[in-house]
> 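Here's a structure for you.
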Amino acid sequence: MDKESTRGPDFIRQIVADDVAQGKRDGRVQTRFPPEPNGYLHIGHAKAICISFNIATEFGGKCFLRFDDTNPEAEDTEFVEAIERDVRWLGFEWDDLTHASDYFPKLFELAVTLVKDGKAYVDSLSADEIRSYRGTLTEPGKPSPHRDRSVEENLELFEGMRRGDFDEGQHVLRAKIDMASPNMNLRDPTLYRIRKVAHQRTGDTWCIYPMYDFAHTLSDALEGTTHSLCSLEFEDHRPLYNWLIEQLPVPHHPQQIEFSRLNLMYTVMSKRKLKRLVEEQYVDGWDDPRMPTLSGMRRRGYRPVAIRDFISRVGVTKKDHLIELGSLESAVRDDLNEHAQRRFAVLRPLKIVLTNYPEDKVELLEAANHPNRPELGSREVPFSREILIESEDFMEDPPGKFRRLAPGREVRLRYAYIIKCEDVVKDESGNVVELRCTLDHETRSGSDQAQRKVKGTIHWVSAEHAIRANVSLYDRLFRVPTPDRAEGDLEDHLNPDSLEVLEKAALEPALANADPSEPFQFERQGYFVVDTARAAGDTLEFLRTVSLRDSWAKLEAQALQQAKS
RNA sequence: UGGGGUGUGGCCAAGUGGUUAAGGCAACGGGUUUUGAUCCCGUCAUUCGCAGGUUCGAAUCCUGCCACCCCAGCCA
């Protein structure tokens, strides 16, 4: 149910459509999403996933999930499983699941071909030496003394590398391209390095592993990718990508197209930084609701359809961008507004005694599950003499525009009665601890005389029937819009108020057996969901997915601004 | 001072030489409302990084300049 965009096809779809129209590659379309299993997927990956999977579907093609598992030191099956789960959760199913490691034998063969053709050589310089020989951005590199080894010697050495005759770092295999190229990627890039580490899939079969450019390009070419869609930072790699495909006898000639990656304000998207937040326990784990990971968003209560909608709202271009959080939240709200059933929950309770309501009386009042969707039915909410309201719905000395409860003022209790505040009870230190109100018996919701209008309507919960719950309120993880670019350490920019746990929340009884997979709107508050990861004892745990749009809060903020200036 | 990219309203983004420069988010104003929500209506770029040029006509073509991003892993 993604919202239909009125905008024309993006530049990638235009290219693919042209290719198909011209019968390029027999009009076949095949894409792939190639994550490295060294971390969890985040919202930036969701963009890449949507692009590749959707384009394949739109053109009647295929999309593979391929693990780019060429660096066994960083990779782990935990990540493999998480990635598969997250891709499926987002709503996509791959036509085939492959691994760069599936191609290790063929990749080795192709490397040998390159050596035989004199297009690759074994270099025995140290990593430091290679770096210094590479030159700089403005100065050309110089050839390694090993650059002109004979094919025979190279073959022997490369076989030796493969057999495990050498230590890590002793040799690498390099492409022989152009040490003076203005494109650093063409200055004899490393193709293979020795790593005496077991691989999560191939075990000890290999002690040499291909580098990204070699493995990725040729995996594409081997499995029949037609359009290799990736992010902008690989633009400089495209000449190398094409070079490899031109040099080697591969069955397919894919085309690489780059788009800008997704950046969101007030968060970070680099796997390295996310990993650090997890490992140094600034967050609860990869699925912490403040994380931009898909698992975090899932726990937060964002639904796949909302994420897909957000991605399509953002579009596909080559322009670097930085997207406001509001844009994501708007997509999340649009989905939840449509699908979440409404409930009453009082987050910070203030007790009210209805002095003219019988002590032992309980009424069951009907409340709609969704005001705009009557087909979703209703539930009964118990009402009694003692109720709880949101403490911020009462002000002793309210500003002009305040429409809620105040001494001598009336409000409508939603789906119930109009009440009037008669008395304010305070403790020794002057805090308001209880309100004594009278109720207008003529104004019960649905009754003939219920039409009387008052300025405000508030939600409530019967004190006697309330269910206790903890409610976690999450906010942005960082307090600066671009923590990546900000001065100082990452942790200096963390938002100290990114989590507030309310331990006195009171819920209406209908929430007692809430289905953890079902989102709710706590009326006038926001969208909430059961926090399964937190549910330990017998206390109910909810978390706030996103607040409701709040024009009152905005007014208050503006008033505060004016008071300051 | 090398190479590769990108510049359209606060944030995204259509636009592919020819009516008044789409749309979304945000903001602002108004209407409906027993959620200060939703919904609905309206306002919001005489101008497309800047300066020249070509053209009857330019965001779209040309030239120059400026700004920002990426690249010197045996990471991906």
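Values reported hereafter were calculated over all heavy atoms of this structure, with side chains retained and with hydrogens, waters and symmetry mates removed. Computed from a predicted model, the values in this text were never measured in an experiment. Numbers restart at 1 for each chain; the letters A, B, ... are given by sequence-line order, proteins then strands.
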> When the distance from CZ of A:Arg195 to C1' of B:rA76 is rounded to whole Å, what number comes out?
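These atoms are roughly 14 Å apart.
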> Listed by chain and number, what are the side-chain hydrogen bond (donor to acceptor under 3.5 Å, both in side chains) partners of A:Glu410, not counting sequence neighbours?
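A:Glu410 satisfies side-chain hydrogen bond (donor to acceptor under 3.5 Å, both in side chains) with A:Arg452 once adjacent residues are dropped.
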> Once you apply the 3.5 Å cut-off to both distances, tell me the Watson-Crick or G-U wobble partner of B:rG18, or none.
B:rC56
> When you look at CD of A:Glu487, are more than 12 heavy atoms from neighbouring residues, nucleotides or ligands closer to it than 6.0 Å?
no
> Nearest to the side chain of A:Asp236 - B:rC70, B:rC74, B:rA76?
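From the listed options, B:rC70 comes nearest.
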> For A:Phe234, what residues pass the ring-ring contact (aromatic ring centres under 6.0 Å, His included) criterion, not counting sequence neighbours?
A:Tyr212, A:His237
> When the P atoms of B:rA51 and B:rU60 are compared, how many Å lie between them, rounded to an integer?
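Going atom to atom, P in each nucleotide, I get 13 Å.
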> If you look at every strand shown and take non-hydrogen atoms under 4.0 Å, does A:Arg131 touch a base, only sugar-phosphate, or nothing?
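A:Arg131: backbone/sugar contact only, no base atoms under 4.0 Å.
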> Report which part of the nucleic acid A:Thr70 touches: base, sugar-phosphate, or nothing (heavy-atom distance under 4.0 Å, all strands).
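Result for A:Thr70 = sugar-phosphate.
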> Heavy-atom nearest nucleotide on RNA chain B for A:Glu73 versus A:Asn185: which residue maps closer to 5'?
A:Asn185
> Using atom P of each nucleotide, how far apart are B:rC28 and B:rG4 to the nearest Å?
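Rounded to whole Å, the distance is 45 Å.
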> Go through the side-chain N and O atoms of A:Glu258 and A:Gln256 and say whether any donor and acceptor fall under 3.5 Å apart.
yes
> So among A:Glu508, A:Gln341, A:Glu366, which one has a side chain to side chain donor-acceptor pair (under 3.5 Å) with A:Arg379?
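That would be A:Glu508.
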> For atom P, what is the distance between B:rU8 and B:rG49, given to the nearest Å?
6 Å
> In B/S/- notation, 5' to 3', how is nucleotides 27-36 of chain B contacted by protein heavy atoms closer than 4.0 Å?
SS-----BBB
> I'd like to know if the side chain of A:Arg333 and the backbone of A:Ser547 have a donor-acceptor N/O pair within less than 3.5 Å.
yes
> Output the rounded distance in Å from CZ (A:Arg333) to C1' (B:rA26).
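Rounding to the nearest Å, CZ of A:Arg333 and C1' of B:rA26 are 11 Å apart.
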> With a non-hydrogen cut-off below 4.0 angstrom, is A:Leu325 in contact with a base, only sugar-phosphate, or nothing?
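Touches nothing.
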> Looking only at side-chain N and O atoms, does A:Arg238 come under 4.0 Å of OP1 or OP2 in B:rG4?
no
> Under 3.5 Å, side chain of A:Asn154 to main-chain N/O of A:Val115, donor-acceptor pair present?
no
> Rounding to a whole Å, what distance do you find between A:Glu129:CD and B:rC74:P?
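Taking CD of A:Glu129 and P of B:rC74, I get 13 Å after rounding.
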> Verify the contact: side-chain N or O of A:Arg134 to OP1 or OP2 of B:rC74, cut-off strictly under 4.0 Å; return yes or no.
yes
> How would you label the contact of A:Gly326 with the nucleic acid (heavy atoms, under 4.0 Å): base, sugar-phosphate, or nothing?
sugar-phosphate
> Scan A:Phe234 against the nucleic acid and name what it touches under 4.0 Å (heavy atoms): base, sugar-phosphate only, or nothing.
base
> Quantified in whole Å, what is the C1' atom distance between nucleotide B:rG23 and nucleotide B:rG17?
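B:rG23 and B:rG17 have their C1' atoms separated by 23 Å.
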> Over how many whole Å does the gap from A:Phe67 atom CZ to B:rA76 atom P extend?
16 Å
> Rounded to whole angstrom units, what separation is found between the CZ atom of A:Phe33 and the P atom of B:rA76?
16 Å
> Using the P atom as the point on both nucleotides, what is the distance between B:rG18 and B:rA13, in whole Å?
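After rounding to an integer number of Å, I get 23 Å for this pair.
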> In terms of side-chain heavy atoms, does A:Ser391 have a donor or acceptor partner in A:Arg348 at a distance below 3.5 Å?
no
> Taking CG from A:Asp334 and P from B:rC40, how many angstroms apart are they, rounded to a whole number?
10 Å
> Searching all strands shown, indicate the nucleotide that pairs with B:rU1 (Watson-Crick or G-U wobble; both distances under 3.5 Å).
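Looking at the geometry, B:rU1 pairs with no nucleotide.
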> Would you please confirm or rule out a distance under 4.0 Å between OP1 or OP2 of B:rA76 and any side-chain N or O of A:Arg272?
no
> Let's test this: given Watson-Crick or G-U wobble pairing with both distances under 3.5 Å, identify the partner of B:rC25.
B:rG10
> Does A:Phe402 have any ring-ring contact (aromatic ring centres under 6.0 Å, His included) partners at least two apart in sequence or in another chain, and if so, which?
A:Trp552
> Between the protein and nucleotides 9-13 of chain B, are there any N/O to N/O pairs under 3.5 Å, and if so, what are the atom names and distances?
from	atom 1	to	atom 2	distance (Å)
B:rG10	N2	A:Glu324	OE1	3.1
B:rC11	O4'	A:Glu324	OE2	3.0
B:rC11	O3'	A:Leu322	O	2.9
B:rC11	O2'	A:Leu322	O	3.1
B:rC11	O2'	A:Glu324	N	3.3
B:rC12	OP1	A:Leu322	N	2.7
B:rC12	OP1	A:Leu322	O	3.2
B:rC12	O3'	A:His321	ND1	3.3
B:rC12	O2'	A:Val314	O	3.0
B:rA13	OP1	A:Thr317	OG1	2.7
B:rA13	OP1	A:His321	ND1	3.2
B:rA13	OP2	A:Lys319	NZ	3.4
B:rA13	O2'	A:Arg7	NH1	3.4

> Which value, in whole Å, describes the distance between the P atoms of nucleotides B:rC70 and B:rU47?
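Here B:rC70 and B:rU47 have their P atoms 32 Å from each other.
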> I'd like a list of close polar pairs between nucleotides 15-18 of chain B and the protein, N/O only, cut-off under 3.5 Å.
from	atom 1	to	atom 2	distance (Å)
B:rU16	N3	A:Gln14	OE1	3.4
B:rU16	O4	A:Gln14	OE1	2.9
B:rU16	O4	A:Gln14	NE2	2.7

> Which label fits B:rG73, syn or anti, where anti is any glycosidic angle not within 90° of 0?
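Syn.
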> Between B:rA21 and B:rC48, how many Å separate the two P atoms, rounded to a whole number?
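Each nucleotide's P atom is 12 Å from the other's.
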> Categorize A:His237 for me: base, sugar-phosphate, or nothing, with a 4.0 angstrom heavy-atom threshold over every strand shown.
base
> Here's one to test your reading of the geometry: is the NZ or CZ of A:Arg32 within 45 degrees of the ring axis of A:Phe64 and under 6.0 Å from its centre?
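Judged by the rule (NZ or CZ under 6.0 Å from the ring centre, within 45° of its axis), A:Arg32 is not positioned above A:Phe64.
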> Quick check: on RNA chain B, is the nucleotide nearest A:Arg485 upstream (toward 5') of the one nearest A:Ala74, or the reverse? Name the residue that is more 5'.
A:Arg485
> Just by distance, with hydrogens left out, do A:Asp320 and A:Ser260 show a side-chain donor and acceptor under 3.5 Å apart?
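Their side chains do not contain a donor-acceptor pair, so the 3.5 Å distance test is not met.
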> Indicate whether the side chain of A:Tyr241 and that of A:Gln255 have a donor and an acceptor atom separated by less than 3.5 Å.
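Checked: A:Tyr241/A:Gln255 side chains show no N/O donor-acceptor pair below 3.5 Å.
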> Classify the side-chain pair A:Arg343/A:Asn369 by whether it contains a donor and acceptor separated by less than 3.5 Å.
yes
> Counting only Watson-Crick pairs (N1-N3 plus N6-O4 or O6-N4) and G-U wobbles (N1-O2, O6-N3), all under 3.5 Å, who is the partner of B:rU47?
none
> Does A:Phe104 have its ring centroid less than 6.0 Å away from the ring centroid of A:His199?
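Here the rings of A:His199 and A:Phe104 have centres that are less than 6.0 Å from each other.
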> Using atom CZ of A:Arg373 as one end and atom P of B:rC39 as the other, report the distance to the nearest whole Å.
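In whole Å, B:rC39 P lies 14 Å from A:Arg373 CZ.
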> Using atom C1' of each nucleotide, how far apart are B:rA76 and B:rG42 to the nearest Å?
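Here B:rA76 and B:rG42 have their C1' atoms 50 Å from each other.
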> Is the backbone N or O of A:Asp188 less than 3.5 Å from a side-chain atom of A:Arg174, with the two atoms forming a donor-acceptor pair by type?
yes
> Expressed as a whole number of angstroms, how long is the span from A:Leu186:CG to B:rA72:P?
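One finds 14 Å between P of B:rA72 and CG of A:Leu186, rounded.
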> From the options B:rC25, B:rA76, B:rA72, select the nucleotide whose nearest atom is closest to the side chain of A:Thr136.
B:rA72
